[in-house]
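First the proteins, then the strands, lettered A, B, ... as listed; each starts at 1. The figures here come from the full heavy-atom set of this structure, side chains too, leaving out hydrogens, waters and symmetry mates.
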Protein chains: 2
Amino acid sequence: MTASLPRRSLTLRDVSMASGVSEMTVSRVLRNRGDVSPATREKVLTAARSLGYVPNRIAGGLASQRVNLVAVVIPSLSNLVFPDVLGGISAELDDTALQPVVGVTHYGPAREEAVLYDMLSWRPSGVILAGLEHSPASRSMLKAAGIPVVEIMDIDGPPIDVTVGISHERAGAEMAAHILAAGYRRIGFIGTHMPEDHRARKRLAGFERVLAEAGHPLVAREYYQGGSSLGKGRELTGRILSRQPELDFLYYSNDLIGAGGLIWAREQGIDIPGRLGLAGFNGVDLLDGLPIRLATTDARRVEIGRRAARIVAGKEPRPESGVIALAPTFLPGDTIRAPR
Amino acid sequence: MTASLPRRSLTLRDVSMASGVSEMTVSRVLRNRGDVSPATREKVLTAARSLGYVPNRIAGGLASQRVNLVAVVIPSLSNLVFPDVLGGISAELDDTALQPVVGVTHYGPAREEAVLYDMLSWRPSGVILAGLEHSPASRSMLKAAGIPVVEIMDIDGPPIDVTVGISHERAGAEMAAHILAAGYRRIGFIGTHMPEDHRARKRLAGFERVLAEAGHPLVAREYYQGGSSLGKGRELTGRILSRQPELDFLYYSNDLIGAGGLIWAREQGIDIPGRLGLAGFNGVDLLDGLPIRLATTDARRVEIGRRAARIVAGKEPRPESGVIALAPTFLPGDTIRAPR
DNA sequence: TTGAAAGCGCTAACAC
DNA sequence: GTGTTAGCGCTTTCAA
């Protein structure tokens with residue numbers, strides 16, 4: 001049995017004819033606009049439902065010059081952190097007419113440009129995008145779009161319109177301060193080699209700055225390509241420690257490789273946090289059930305998503321300065337000694 | 001300094017005037033359609049770029065009656081498994097004109113209905129949605145849409161149009177067979193209490209059927225509410241084993257709680273897989289770096305996404321039967337004994 | 001409270 | 001290779 005697929009979809013006109021009411025009134029009923037008598041209303045709704053009418057927003061958007069979409073542009077979906085941001089955005093948009101539409105850039109500026117072009121061609125009511133670094137063409141597009149543009153997750157730089165996030169420079173600096181206060185001195189770093197991961201870069205810069213100022217500069221670094229995983233963390237931790245066994249602390253650019261390193265170090269029987277301290281970044285709750293908790297920084301992902309959405313939705317005014325700064329929060333966990 | 005936001009966005013007309021070429025030809029250039037002389041082409045492109053023109057797809061879609069969107073409707077983004085499916089979809093759509101647009105249902109049929117209504121109102125070229133269970137209204141909408149509809153991840157039931165996935169009944173049955181073959185006899189189950197997680201339900205049904213047929217029916221079960229996490233897995237494993245210490249195998253409804261159980265059991269010094277065997281479901285690679293690998297079933301997520309996308313994109317014909325069955329693949333890991 | 005007319009910005013179809 | 005015309009399905013505006 002083959003269901004016969006309708007050649008074209010239903011229009012207001014079909015509902016109008018089925019209900020004996022003008023298209024305009026049908027439109028009013030379906031959008032809950034203006035005054036319509038209960039009787040007419042009922043007639044229309046019945047007709048629409050029985051026909052299985054689904055409004056055509058393409059036409060509606062063109063006519064009204066208004067589309068209730070918010071473009072959300074992020075680097076990746078497999079990164080664990082972006083679903084949290086999306087959760088915040090979507091929770092805050094839930095009681096508005098706005099709907100998020102997600103585009104993924106895979107950390108490529110050219111790809112970001114293409115995604116933006118694409119999304120802007122749907123004339124969304126606002127844009128939320130990760131980071132402050134964009135190609136000149138992307139910046140022009142966003143400025144020319146005439147809609148709210150909220151850059152998120154980073155405030156170390158000038159926004160196009162508004163930015164909501166944490167200072168990664170500060171997050172790195174604060175972590176360095178905690179590590180030094182706990183007495184660690186021979187500190188190494190493990191992170192992605194991604195020129196386009198500006199936030200990781202800024203964190204490392206802040207981290208190194210504080211270490212250097214204290215006279216205990218970073219003594220080792222290990223970079224990797226590709227995605228983060230527990231396995232990668234194990235491997236790199238093994239490598240950096242076999243090369244420089246004197247290291248007493250490892251700072252990871254994210255929690256997942258940090259957790260991998262933690263698992264490896266425990267297998268080796270290394271005393272943590274005594275002989276070796278470890279810290280990651282993000283504060284992902286996925287890892288909460290591990291035997292010991294990795295020290296990390298909560299990047300305030302959900303809240304960032306919420307605030308960004310609030311601004312786009314007009315629930316909260318655009319800040320005068322264009323900047324909404326949240327504080328990165330240190331989570332000590334079990335992998336860093338108490339301060340001396 | 002306040003950038004002046006343009007009151008309305010540019011139109012083809014603006015590009016036409018700036019380049020001295022008709023709107024129609026501008027449209028041709030911008031879409032790479034038809035023959036346009038290189039000279040004209042250049043003029044148009046230059047004008048469009050310098051103005052910062054971004055086409056209006058709302059208008060384009062209305063005029064052409066064709067929108068290059070594929071609606072993708074999934075229960076959750078935080079579930080680890082759906083990003084994989086999305087990855088497969090997006091990889092396969094990358095060399096087509098189609099673009100995925102994602103909607104999230106949070107496992108609610110009413111919410112699914114709303115999301116579908118919403119997405120269909122954009123007149124997408126196709127729909128990919130998780131599961132075979134939908135409200136009657138959802139089914140009517142989908143049938144009436146007149147576009148390819150691909151239900152994914154489950155083939156235990158009749159599709160609306162096409163379904164691509166694995167049989168969860170079979171996945172559960174096969175896991176039971178492996179467990180029995182390894183000599184385990186006192187088997188328990190830990191899973192979500194989600195009436196709407198039909199796939200988990202079907203897996204358990206297949207699992208129990210084989211156990212019962214072999215004369216070793218399931219002897220314990222533990223359900224939980226809410227999301228899955230390592231912590232939840234630890235907690236439930238502790239609970240079920242303290243209640244029924246004689247259990248020699250635990251089957252989990254997903255890898256994450258399974259891994260939590262594994263971590264807990266190792267902490268207790270329980271011999272795995274000797275004294276106790278464990279298995280999860282999904283085959284998520286996130287957990288690859290754990291000290292020992294959890295036995296599981298690869299649910300073929302990426303491939304499911306790919307095949308679904310291929311059908312929507314017309315790269316592969318709709319199967320006669322409407323069903324594309326992939327084989328769930330048993331991954332023995334280290335938490336199940338070798339068969340006797 | 002309801003209806004009629006115009007037009008949103010683009011593209012299909014056809015003419016030149 | 002390029003231009004003209006009509007119209008996609010709705011909503012805005014104005015009139016009744």
Side-chain angles (χ1 to χ4, degrees), chain A residues 6-45 47-48 51 53-68 97 117-118 120-125 145-146, chain B residues 6-45 47-48 51 53-68 97 117-118 120-125 145-146:
Chain A
R7 211 194 54 71
R8 64 160 194 82
S9 49
L10 298 162
T11 69
L12 264 192
R13 177 133 208 225
D14 297 303
V15 182
S16 164
M17 296 178 56
S19 61
V21 175
S22 79
E23 289 186 38
M24 195 54 239
T25 299
V26 172
S27 168
R28 286 192 182 100
V29 171
L30 264 23
R31 287 178 300 145
N32 288 311
R33 279 290 163 74
D35 292 318
V36 180
S37 75
T40 317
R41 199 185 145 68
E42 223 28 71
K43 258 193 298 189
V44 170
L45 253 23
L51 291 174
Y53 172 73
V54 177
N56 184 335
R57 291 224 206 176
I58 302 279
L62 182 60
S64 65
Q65 300 286 71
R66 187 148 39 62
V67 168
N68 292 327
Y117 186 78
D118 225 277
L120 290 178
S121 75
W122 289 103
R123 300 294 188 265
S125 299
Chain B
R7 214 194 54 72
R8 64 161 193 81
S9 48
L10 298 161
T11 69
L12 264 192
R13 178 136 207 222
D14 298 302
V15 182
S16 165
M17 295 178 57
S19 60
V21 174
S22 78
E23 287 186 38
M24 195 55 234
T25 300
V26 172
S27 168
R28 286 191 182 102
V29 171
L30 265 23
R31 289 179 298 145
N32 288 312
R33 280 288 163 73
D35 291 319
V36 180
S37 76
T40 316
R41 201 184 144 66
E42 224 26 72
K43 259 193 298 191
V44 170
L45 254 22
L51 290 174
Y53 172 72
V54 177
N56 184 332
R57 292 223 206 179
I58 304 279
L62 182 60
S64 66
Q65 298 286 72
R66 195 150 32 64
V67 168
N68 293 326
Y117 187 77
D118 223 276
L120 290 177
S121 76
W122 289 103
R123 301 295 188 265
S125 300

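- Across the interface with DNA chain D, nearest-nucleotide mapping of A:L62 and B:G20 shows B:G20 to be the residue nearer the 5′ end.
- Considering only the side chain of A:R28, D:dT13 comes nearest among D:dG3, D:dG9, D:dT13.
- Looking only at side-chain heavy atoms (C-beta outward), A:D118 and B:R57 come within less than 4.5 Å of each other.
- In this structure, CD1 of B:I58 is placed 14 Å from P of D:dC10, rounded to the nearest angstrom.
- In the set C:dT1, D:dT4, D:dC10, the nucleotide with an atom closest to the side chain of B:M24 is D:dT4.
- D:dG7 atom P lies 13 Å from atom CZ of A:R13, rounded to whole Å.
- Among the heavy atoms of the strands lying under 4.0 Å from B:D35 is at least one base atom, whether or not backbone atoms are also near.
- Between the CG atom of B:L30 and the P atom of C:dG9 there is a distance of 16 Å, rounded to whole Å.
- In this model, the phosphate group of C:dC10 is approached by a side-chain N or O of B:Y53 to a distance below 4.0 Å at OP1 or OP2.
- Between B:L12 atom CG and D:dT4 atom C1' the separation is 15 Å, expressed in whole Å.
- In this structure the side chain of A:S9 never reaches within 4.5 angstrom of the side chain of A:Y53, judged on heavy atoms.
- For B:R31, a side-chain nitrogen or oxygen approaches OP1 or OP2 of C:dA12 to under 4.0 Å.
- In this structure, the side chain of A:S125 engages the main chain of A:V67 through a donor-acceptor pair within 3.5 Å.
- Contacts of B:R66 with the nucleic acid, taken as non-hydrogen atoms under 4.0 Å apart, involve only primed sugar atoms and P, OP1 or OP2.
- Phosphate proximity of D:dG3 to B:T25: present, with a side-chain N or O under 4.0 Å from OP1 or OP2.
- Between B:S64 and D:dC8 there is no side-chain N or O to OP1 or OP2 distance below 4.0 Å.
- Between B:R41 and the phosphate of D:dG1, there is no side-chain N or O to OP1/OP2 separation shorter than 4.0 Å.
- The main-chain N or O of A:V21 is found under 3.5 Å from a side-chain atom of A:S16 such that the two form a donor-acceptor pair.
- The distance between atom CG of B:D14 and atom C1' of C:dG9, rounded to the nearest whole Å, is 11 Å.
- In this structure, CG of A:N68 is placed 14 Å from C1' of D:dT11, rounded to the nearest angstrom.
- Listed pair B:S37 / D:dG1 fails the phosphate criterion, with no side-chain N or O lying under 4.0 Å from OP1 or OP2.
- B:Q65 has its CD atom 12 Å from the C1' atom of D:dC10, to the nearest Å.
- Residues A:M17 and A:T11 have side chains not in contact (no heavy-atom distance under 4.5 Å, counting atoms from C-beta outward).
- Following rounding to the nearest Å, B:E23 (CD) and D:dT4 (C1') show an atom-to-atom distance of 11 Å.
- Between B:S27 and C:dC10 there is no side-chain polar atom (N or O) within less than 4.0 angstrom of OP1 or OP2.
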